[in-house]
Structure formats: structure tokens, C-alpha cells
Amino acid sequence: MDLNPQQQQAVEHGKGPLLVVAGAGSGKTRVIVHRVAHLIGKQNVHPSNILAVTFTNKAAGEMKARLEAMLGLAARDLWIATFHSTCLRILRRHFEHVGYGPNFRVYDEADQLSLIKECLGVLNIGDRLMRPKSALDHIARAKDRCVGPEEFGADNFYLQKVSEVYALYQKRLNEVGAMDFGDLIRLTVKLFESHPDVLNYYCNRFRHVLVDEYQDTNHAQYRLIELLVGLHRNICVVGDEDQSIYRWRGADITNILRFEKDFPGARVIRLEQNYRSTKTIIKAAGGVIANNAGRKPKTLWTQNPQGEPVDVVSCTTEREEAQIVADAIQRLKHEKKSYSEMAVFYRTNAQSRPFEEVFLKEGIPYRIFGWIRFYERMEIKDAIAYLRLIANPKDDISLSRIINVPSRGIGRETLLRLREFAAARSLSMFEVLKDFTVTTIVRAVTAKKLSAFHDMIETLRQGALKRPVTDILHDVLEKSGYVEALASQKTTEAQDRLENINELVAAVDEFEPQTDEPPLNQFLDQVALVSDVDAYDADAEAVTLMTVHLAKGLEFSFVFMVGMEEGLFPHARSLDDPDELEEERRLCYVGMTRAKEHLTMSYAFRRQTFGTPRYGVVSRFIDEIPDELKKVHERLEARSEKLEARSHKSNYLASSVSLLASDDSHFTNNESRLPAKVVMAGVTGHDSDFDQRPPEERIGQFAVGIRVHHPAFGRGFVKHCEPSSAGHKVTVQFESGFIKRLIAERAGLVPL
DNA sequence: CGGCTAGTCATTTTT
DNA sequence: TGACTAGCCG
């Protein structure tokens with residue numbers, strides 16, 4: 001296939017800023033790859049002067065593989081990597097400039113949470129005042145904006161507390177010799193800003209910078225790129241604002257919208273021809289995304305065949321939905337289609353269960369992505385924690401994790417005292433283990449256990465930095481007694497864990513060091529930055545189950561988007577925020593445009609959530625698909641379910657609304673569904689998406705789920721409400737994180 | 001110390 | 001519904 005004129009222009013563009021607006025399926029990777037090849041082949045740019053940044057290892061790997069095929073050896077000198085691994089590589093070389101030692105490690109989210117919990121404990125901040133996850137989110141988002149603990153502005157009490165946590169968290173990170181994901185970017189920016197010589201080196205080295213998925217960059221990443229291309233401005237970014245789906249993770253869509261302002265004189269090239277999907281799918285997806293305001297109008301087109309209409313299937317329950325999808329998959333299989341060409345996308349991981357069950361029952365091979373990722377499994381994290389402690393004895397979090405795994409009779413009280421003891425002396429916990437004065441805080445027997453643990457780790461550390469990782473791991477698993485402990489348990493769970501450990505051993509066996517740095521360090525760096533989709537194998541003969549987020553960048557002939565219900569997709573937490581709703585719509589667009597031949601979208605009237613039923617209304621996104629492009633299959637059973645629900649005079653608010661609103665055409669009639677939207681908009685962002693209690697329990701203006709405003713605490717929503725003589729006794733979850741019990745009228749609470 | 005129970009809470013999405 | 005926690009007891 002040749003390049004089309006727009007692609008050709010993008011490939012041949014010379015110096016200066018270039019924005020390639022690349023619609024879904026428009027051959028974006030192709031353009032990047034060809035452009036790199038062109039720079040080298042036709043514009044005499046040396047491969048080592050090119051930096052290409054992506055978001056996933058998979059994207060980077062693909063690009064590299066294609067370039068190696070095109071360029072051969074020359075491709076070796078290219079720097080193609082993710083943002084995070086790029087920064088890690090840079091920071092490894094200049095750690096001293098950002099206040100770290102050479103053996104610093106990268107903490108994943110679980111590690112971060114452990115450290116946050118420790119900080120909350122030290123600061124005496126209770127769980128109900130601030131959830132660890134909430135604190136971490138605030139801190140991570142601050143880091144995405146390059147905001148350090150010093151600059152963290154706090155204009156209310158809660159943020160004040162977060163600020164304290166942030167400061168301590170950052171101090172502790174540094175003490176234990178670790179960085180989190182956000183630090184990798186933020187500290188690299190800091191490094192460049194404070195050390196012009198270093199920046200200069202990289203500016204000179206990278207004469208051409210290419211950025212993939214530019215719509216997903218956050219502010220810190222933008223700053224990084226801006227610094228890197230400051231002098232030559234040879235920057236080429238590729239992206240599509242319609243596919244920006246990581247706002248919640250700090251992505252700033254305005255980066256791409258602002259590009260021409262940020263880089264005056266920028267050339268803009270639009271790739272609007274889609275090579276992936278049928279006309280029908282493109283138009284259907286276009287119909288949905290057109291409802292987003294604040295986007296640059298863009299019309300995708302294709303020369304591909306018209307194709308079949310989008311199937312819209314209503315189901316009674318999520319179980320039936322799974323069954324219908326399974327049946328359809330088997331029909332396709334009978335038509336000699338490959339399972340590898342089929343995928344099921346859902347909004348949240350929790351939705352995968354019925355599909356797994358039914359697929360198992362029907363004997364349909366599947367593989368599932370997300371959920372518990374390999375490197376997040378308990379046993380894998382344990383093994384890695386040993387390795388990390390060996391590589392970096394200051395790593396208190398890893399030590400805390402494994403000091404009693406397998407059980408060595410070292411309990412939480414001992415651990416707590418150990419931590420305080422170490423903190424008081426500004427030492428790491430490992431250093432303190434053998435200190436004889438430890439006997440002042442623990443009993444002699446315990447001190448002996450601690451010392452034994454210390455000696456074991458110390459033995460494992462001997463020569464560790466020079467040895468192959470596979471040898472170290474082998475020793476760890478044996479000398480720690482970890483495998484032995486698992487093997488002695490006869491449970492199937494222990495069996496599974498052993499198998500996973502074996503998988504890890506196999507993975508480590510295959511690991512090849514790339515540089516002359518200690519292999520252990522290289523391995524741990526790699527582990528810190530991999531995800532499961534990176535291991536996605538397009539040819540495996542199995543149906544793919546994944547969240548829509550993970551589907552970005554992939555394509556399948558037959559796509560099933562399931563759970564298309566208001567409150568699920570769009571997710572309940574987005575319903576009251578226009579920006580978030582637009583993000584949901586983009587997410588839906590991303591999902592739809594993965595389909596090459598056929599797209600099926602389904603929803604269920606009744607769905608078990610947390611063990612209780614919830615009644616759903618068809619997603620607005622389905623309404624937004626032009627009627628002539630979809631074929632609605634309303635199952636008889638589903639209809640009788642509705643009638644039955646009506647006759648039961650259900651207490652469920654949402655169901656009663658949907659009943660009133662819906663007859664046969666409830667999914668095509670926007671007007672009729674409006675009441676549902678209005679009701680649901682009031683009950684977002686908490687445990688239940690629908691108020692499930694009868695009307696008499698939903699009291700007046702302070703009903704459960706109602707959004708309220710408090711003069712001091714700001715916005716929030718009512719979690720519980722009961723009438724009393726003094727007024728409405730309500731429990732309010734405030735956005736600032738507080739949960740308060742108060743009398744609504746007395747506290748000056750105002751419904752929003 | 002470690003195992004058990006009861007009670008609480010949660011589900012977006014992840015480099 | 002099921003995962004996680006705090007708190008209790010052997």
C-alpha cells in the first residue's frame with residue numbers, strides 16, 4: 001500500500017513543528033515509521049539524533065520492529081521508548097542532580113499506596129478523614145502538573161492535609177531511594193530546568209523529536225517535550241483529540257488543541273481517510289463523537305465497503321447478555337472466522353465475570369486483559385520485593401512486605417516498632433535489624449529472628465550486582481523458604497501461585513541485559529514499567545476480553561461492546577460533569593472504531609451489582625448512532641421483563657423511569673429518556689447509581705444522592721438521610737474528601 | 001503472634 | 001458480591 005498524499009506530506013515534512021491530526025485507523029503508526037525512515041534516508045539525519053516517544057511499550061516495540069525491518073542495523077541507534085522509560089534512562093545517568101543515589105527504584109501504585117499509608121499513620125491522619133487512594137490521586141495529579149510538595153497550593157483544610165502528606169511522602173520516597181511514575185517525568189523536567197548543560201546535551205542529541213498519542217500527554221510531559229525541542233523546534237506530534245481518554249490520569253487535551261499556539265508556524269496535516277472499518281462503522285462512530293462540543297470538526301471517511309448495520313441488542317440480564325455474545329461468537333466461528341478476530345469490550349473490569357463464566361461453559365477460548373496484572377499478583381510482588389531489597393537495602397516498603405513472608409514470627413507490632421526505631425535514628429529498617437539496641441524495643445527471641453532475616457538478605461546480596469538475575473531469583477526462592485512454604489500448602493491457590501512463580505522464573509531466564517549496568521537493576525527497571533497489554537499477541541486463537549481503555553491502538557474484525565447502559569457507559573461518575581461525559585463519549589468512539597467488519601452493542605435491563613439488582617436504561621451513545629446505521633434487536637424476553645417489572649410496582653426509581661419512558665422505541669427516542677438522565681444526574685459519584693429505596697425514604701430536598709453545598713466544606717453529596725425533630729440528619733460526602741454528619745438545615749446546607 | 005470474625009466498602013479507566 | 005480491615009481471642 002502506498003502512502004496517500006496527506007501521509008506523504010507528513011512523512012516528507014522537513015524541519016520545524018508539525019502536527020499530524022490522525023483520525024482512528026488512518027495509518028498513524030505508518031506515518032511515524034515512514035517519517036523516521038525518511039529523515040534517515042533522505043534528509044541525512046543520523047539515527048541517534050532521533051527520539052520517538054510513545055505511551056506504551058507495545059507501541060514502542062512495534063515501531064522499533066518495523067524500523068528494524070526497513071533500516072536494518074541503522075535502527076539500532078534510534079531512541080524509541082515510552083515517556084517513562086525515556087525519563088528513567090535519563091535519570092539513571094544524572095541521578096545525583098536530582099538528589100538520588102544510583103540504585104533508586106521505581107515504585108508502582110501498590111508501593112505508593114503502602115508508603116502513603118505509612119505517611120498517614122505518622123501524621124496521625126485517620127482513614128475516614130483521608131483515604132490513601134485519595135491522597136495518592138491528589139499527589140499524582142500534582143506531579144502531572146510538575147507541582148512539587150513545596151509548590152502545592154492548599155486553599156482548604158483538606159488540601160492542607162494532603163500537602164502535609166505530600167511533603168512527607170516525597171521525603172520518604174527519597175529516603176527509601178524510590179521514585180514514583182510521576183517523579184520520572186517531573187524530575188526530568190526539573191533536571192533540565194536546573195542544569196542547562198544537561199538539557200543542552202539532550203537537545204543536541206535529539207535533533208528530531210516525535211511524539212505519538214499527543215492528546216494523552218499531561219502538562220509535565222508537555223514541558224519535557226518543550227524543553228527538549230526548545231532550540232531546534234523539530235517536533236512532530238501525532239494525535240487525535242477524539243481519542244483522548246486519559247484525563248483522569250492527568251492527560252491534558254488542550255496540549256494538542258493548543259499546539260499551533262505553542263509552536264507558532266506549525267504545519268498541520270490531517271489524516272482523515274480510514275483504512276480499517278466499514279463505512280457504516282465509521283459513520284456510526286462519527287455520529288456519536290459529533291455530539292462533543294469543543295472539538296475541531298473532523299470527518300473520517302473510507303473507501304471500504306458499506307458493511308452491515310451496527311447490531312443493537314437488548315438483554316434481560318448481564319448473564320443473558322454474555323450468552324447472546326457467546327452465541328454470536330460461535331456463529332462466527334462456524335463461518336470459519338478466527339477467535340483472534342473477535343473482542344468483547346466493557347467499561348469496567350468487573351463486567352468481565354459473566355463473560356468468563358459463559359465462555360468457560362461454552363468452551364470458547366478467551367484471554368482477558370487488565371484486572372490483576374501479572375506483576376501485581378501477590379506472589380510475583382513478593383518475589384520482586386526480595387529482589388528490590390537486595391538491590392536497594394534502603395527500600396523499607398519492600399522490606400515491610402516480605403520480612404514476614406513466609407511467616408517468620410515477625411508480627412505487625414514488631415514491624416511498627418522497627419519502623420519507629422529506624423525513623424528516630426534516620427536509618428533504614430534494614431540497617432537497624434542487626435543493631436543490638438533493638439533488644440530495647442523487642443524481646444530477645446524476636447531480635448534473633450530479625451537478625452536471621454538480616455543475615456539471609458545479606459547473604460543474598462553478596463555479589464548480587466554482578467550476577468545474572470536468574471541466579472539471584474533462584475537463590476531468593478530457595479533461601480527465603482518462599483517456595484517451600486507454598487509447596488507445603490496443598491491448596492489449589494498455592495498451586496496457582498507456584499505456577500505463577502514458575503512463569504516469573506521463565507521470564508527472568510529470558511531476560512537479557514542491554515547495557516553494562518548491573519543486570520538486577522536493569523531487570524527491576526523493566527519490570528517497573530511493563531503492562532499486560534504489552535504482551536498482547538494478535539494471533540493467539542482466543543477471544544479478547546478487555547476494557548475499552550485497553551483497546552486503544554488495537555483492531556478486531558468483530559467487536560462486541562457490552563453494558564451500554566446509562567450509569568455504566570457513560571459511567572455514573574461522569575454524568576454530572578460535561579467534560580467527563582465528553583471523555584466517556586470519546587471512549588465510546590475509541591471502542592467503536594476498533595471494529596473492522598462488524599460492531600455489536602448490547603445492554604441489559606437488569607444487572608447485579610454488589611449482589612443487588614440495578615435496572616438500567618440504554619446508553620445515550622446508542623441513541624446518538626443514526627437510526628439508518630443500526631439494527632435493533634429487542635428480545636421478547638427482555639420486553640416481558642419490562643412488563644413484569646411494571647406489574648411489580650417496583651421500588652426502583654430508575655426502572656420506573658425507564659418503564660415510563662420506554663416502549664418499543666425507547667432507545668431511539670431521546671426525549672423520552674430525558675427524565676432518567678435528570679434523575680441520575682443527581683445521584684452520581686457514590687456507592688449506588690440509583691437510589692434503590694422507596695420514595696417515602698427519599699426525603700425531600702436532602703434525599704440520598706442529592707448534591708449539596710456547604711459554606712465551609714464546599715460541594716458534596718448526601719450519603720444518608722433521616723428526618724429528626726431538629727431537621728434532616730444527613731451524612732455528606734464532600735468532594736474535599738470529608739465525610740460529615742450534620743443537621744442539614746442548621747449547617748446551612750443548600751441543595752444544588 | 002497469628003488466625004478468625006464481623007463489619008465496611010467499593011468499581012472506572014493505568015503508564 | 002467479595003475484598004479488605006480492624007478488632008478480638010487462643
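In what follows, every chain begins at residue 1, and chains take the letters A, B, ... in the order their sequences are listed. From a predicted model like this one, the values you see are computed outputs, not experimental measurements.
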Visitor: Tell me whether the OP1 or OP2 atom of B:dC9 has a side-chain N or O from A:Arg131 closer than 4.0 Å.
Guide: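 No, A:Arg131 has no side-chain N/O under 4.0 Å of OP1/OP2 on B:dC9.
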Visitor: Could you check whether A:Lys117 gets within reach of a base, just the sugar-phosphate, or nothing at all, counting any heavy atom under 4.0 Å?
Guide: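 Sugar-phosphate only.
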Visitor: Show the distances under 3.5 angstrom between N or O atoms of the protein and N or O atoms of nucleotides 6-8 of chain B.
Guide:
none

Visitor: Rounded to whole angstroms, how far apart are CG on A:Leu416 and C1' on C:dA6?
Guide: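 Atom-to-atom, A:Leu416 to C:dA6, this comes out as 14 Å.
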Visitor: Would you mind reading off the distance between A:Lys143 atom NZ and B:dT15 atom C1', rounded to a whole angstrom?
Guide: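 Computing the A:Lys143:NZ to B:dT15:C1' distance gives 14 Å.
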Visitor: Rounded to whole angstroms, how far apart are CZ on A:Phe453 and P on B:dC1?
Guide: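 Going from CZ in A:Phe453 over to P in B:dC1 covers 15 Å.
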Visitor: By nearest heavy atom, map A:Thr54 and A:Glu580 onto DNA chain B; which one lands nearer the 5' end?
Guide: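 Counting from the 5' end, the first nearest nucleotide belongs to A:Glu580.
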Visitor: What's the shortest heavy-atom distance between A:Ile256 and A:Gly239, and which atoms?
Guide: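 Where A:Ile256 meets A:Gly239 most closely, the heavy atoms are CD1-C, 3.7 Å.
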Visitor: Please identify each residue that fulfils ring pair (Phe, Tyr, Trp, His ring centres under 6.0 Å) with A:Tyr346, with sequence neighbours left out.
Guide: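 Ring pair (Phe, Tyr, Trp, His ring centres under 6.0 Å) check on A:Tyr346 returns nothing, list empty.
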Visitor: Could I get the full list of salt bridge (charged side-chain N to carboxylate O under 4.0 Å, His left out) partners for A:Asp242, not counting sequence neighbours?
Guide: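 If we apply the salt bridge (charged side-chain N to carboxylate O under 4.0 Å, His left out) test to A:Asp242, skipping adjacent residues, the hits are A:Arg295, A:Lys298.
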Visitor: Return the nearest nucleotide to the side chain of A:Thr82; candidates are B:dT15, C:dG2, B:dT14.
Guide: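 Nearest nucleotide to the side chain: B:dT15.
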Visitor: Without decimals, in angstroms, what is the distance between A:Phe83 CZ and B:dT15 C1'?
Guide: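 Going from A:Phe83 (CZ) to B:dT15 (C1'), I get 11 Å.
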Visitor: Give a yes/no on whether any side-chain N or O of A:Thr609 is located under 4.0 angstrom from OP1 or OP2 of C:dT1.
Guide: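 For A:Thr609, the contact criterion (side-chain N or O under 4.0 Å from OP1 or OP2 of C:dT1) is not met.
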Visitor: Can you list everything that forms a salt bridge (charged side-chain N to carboxylate O under 4.0 Å, His left out) with A:Arg497? Sequence neighbours excluded, please.
Guide: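 For A:Arg497 the salt bridge (charged side-chain N to carboxylate O under 4.0 Å, His left out) partners, ignoring immediate neighbours, are A:Glu379, A:Glu493.
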Visitor: Does any donor atom in the side chain of A:Gln215 or A:Glu213 lie under 3.5 Å from an acceptor atom in the other side chain?
Guide: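 There is such a pair between these side chains.
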Visitor: Walk me through whether A:Tyr169 and A:Leu136 qualify under side-chain contact (heavy atoms from CB on, under 4.5 Å).
Guide: CA-CA 9 Å; A:Tyr169 170 75; A:Leu136 184 55; 4.2 Å; yes
Visitor: Once you round it to whole Å, what is the distance between P of B:dT11 and CG of A:Leu587?
Guide: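 So the two atoms are 18 Å apart, to the nearest Å.
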Visitor: Which part of the nucleic acid, if any, lies within reach of A:Thr414 when heavy atoms closer than 4.0 Å are counted: base, sugar-phosphate only, or nothing?
Guide: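 The residue A:Thr414 makes sugar-phosphate contact but no base contact.
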Visitor: Any side-chain donor paired with an acceptor under 3.5 Å for A:Tyr366 and A:Glu356?
Guide: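 Looking only at side-chain atoms, A:Glu356 and A:Tyr366 do form a donor-acceptor pair, the distance falling under 3.5 Å.
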Visitor: For DNA chain B, whose closest nucleotide is more 5', that of A:Lys449 or that of A:Glu584?
Guide: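 Checking each residue's closest nucleotide, the 5'-ward one belongs to A:Lys449.
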Visitor: Would you classify A:Gln351 as touching base, sugar-phosphate or nothing, given that sugar-phosphate means primed atoms plus P, OP1 and OP2, and contacts are heavy atoms under 4.0 Å?
Guide: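 Nothing, no nucleic acid heavy atom in range.
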Visitor: Counting any heavy atom closer than 4.0 Å, what does A:Phe181 reach on the DNA or RNA strands: base, sugar-phosphate only, or nothing?
Guide: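 If one applies the 4.0 Å heavy-atom cut-off, A:Phe181 turns out to touch a base.
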Visitor: Can you tell me if A:Trp248 is stacked onto the base of B:dT13, using a 5.5 Å centroid cut-off and an angle below 30°?
Guide: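 Yes, A:Trp248 stacks on the base of B:dT13, since the ring centres sit under 5.5 Å apart and the planes are within 30°.
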Visitor: Could you give the CZ-to-C1' distance, from A:Arg249 to B:dT14, as a whole number of Å?
Guide: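 Taking CZ of A:Arg249 and C1' of B:dT14, I get 5 Å after rounding.
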Visitor: Rounded to whole Å, please give me the gap between NE2 in A:His571 and P in B:dA10.
Guide: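 Rounded to whole Å, this separation is 13 Å.
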Visitor: Just how far, in rounded Å, is C1' of B:dT15 from CG of A:Asn218?
Guide: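 Atom-to-atom, A:Asn218 to B:dT15, this comes out as 10 Å.
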Visitor: Applying salt bridge (charged side-chain N to carboxylate O under 4.0 Å, His left out), name anything that partners A:Arg223, two or more places apart in sequence or on another chain.
Guide: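 Scan of A:Arg223 (salt bridge (charged side-chain N to carboxylate O under 4.0 Å, His left out), adjacent residues dropped) gives A:Glu193.
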Visitor: Checking A:Gln112 side chain against A:Tyr107 main chain: does a donor-acceptor pair fall under 3.5 Å?
Guide: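 Yes; at least one donor-acceptor contact below 3.5 Å.
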Visitor: For B:dT13 and A:Asn349 - does any side-chain N or O of the residue sit under 4.0 Å from the phosphate oxygens OP1/OP2?
Guide: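 For A:Asn349, the contact criterion (side-chain N or O under 4.0 Å from OP1 or OP2 of B:dT13) is met.
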Visitor: Do we get A:Arg89 above A:Trp79's six-membered ring, with its NZ or CZ under 6.0 Å from the centre and within 45° of the axis?
Guide: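 Verdict for A:Trp79: a cation-pi partner in A:Arg89.
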Visitor: Polar-atom pairs under 3.5 Å, protein N or O versus N or O of nucleotides 2-5 of chain B: list them with distances, or write none.
Guide:
{"from": "B:dG2", "atom 1": "OP1", "to": "A:Ser407", "atom 2": "OG", "distance (Å)": "3.0"}
{"from": "B:dG2", "atom 1": "OP1", "to": "A:Gly409", "atom 2": "N", "distance (Å)": "3.0"}
{"from": "B:dG2", "atom 1": "OP2", "to": "A:Asn404", "atom 2": "ND2", "distance (Å)": "3.3"}

Visitor: Would you measure the distance from the P atom in B:dT13 across to the matching atom in C:dC4 and give it in whole Å?
Guide: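 Pairwise P distance, B:dT13 against C:dC4, rounds to 14 Å.
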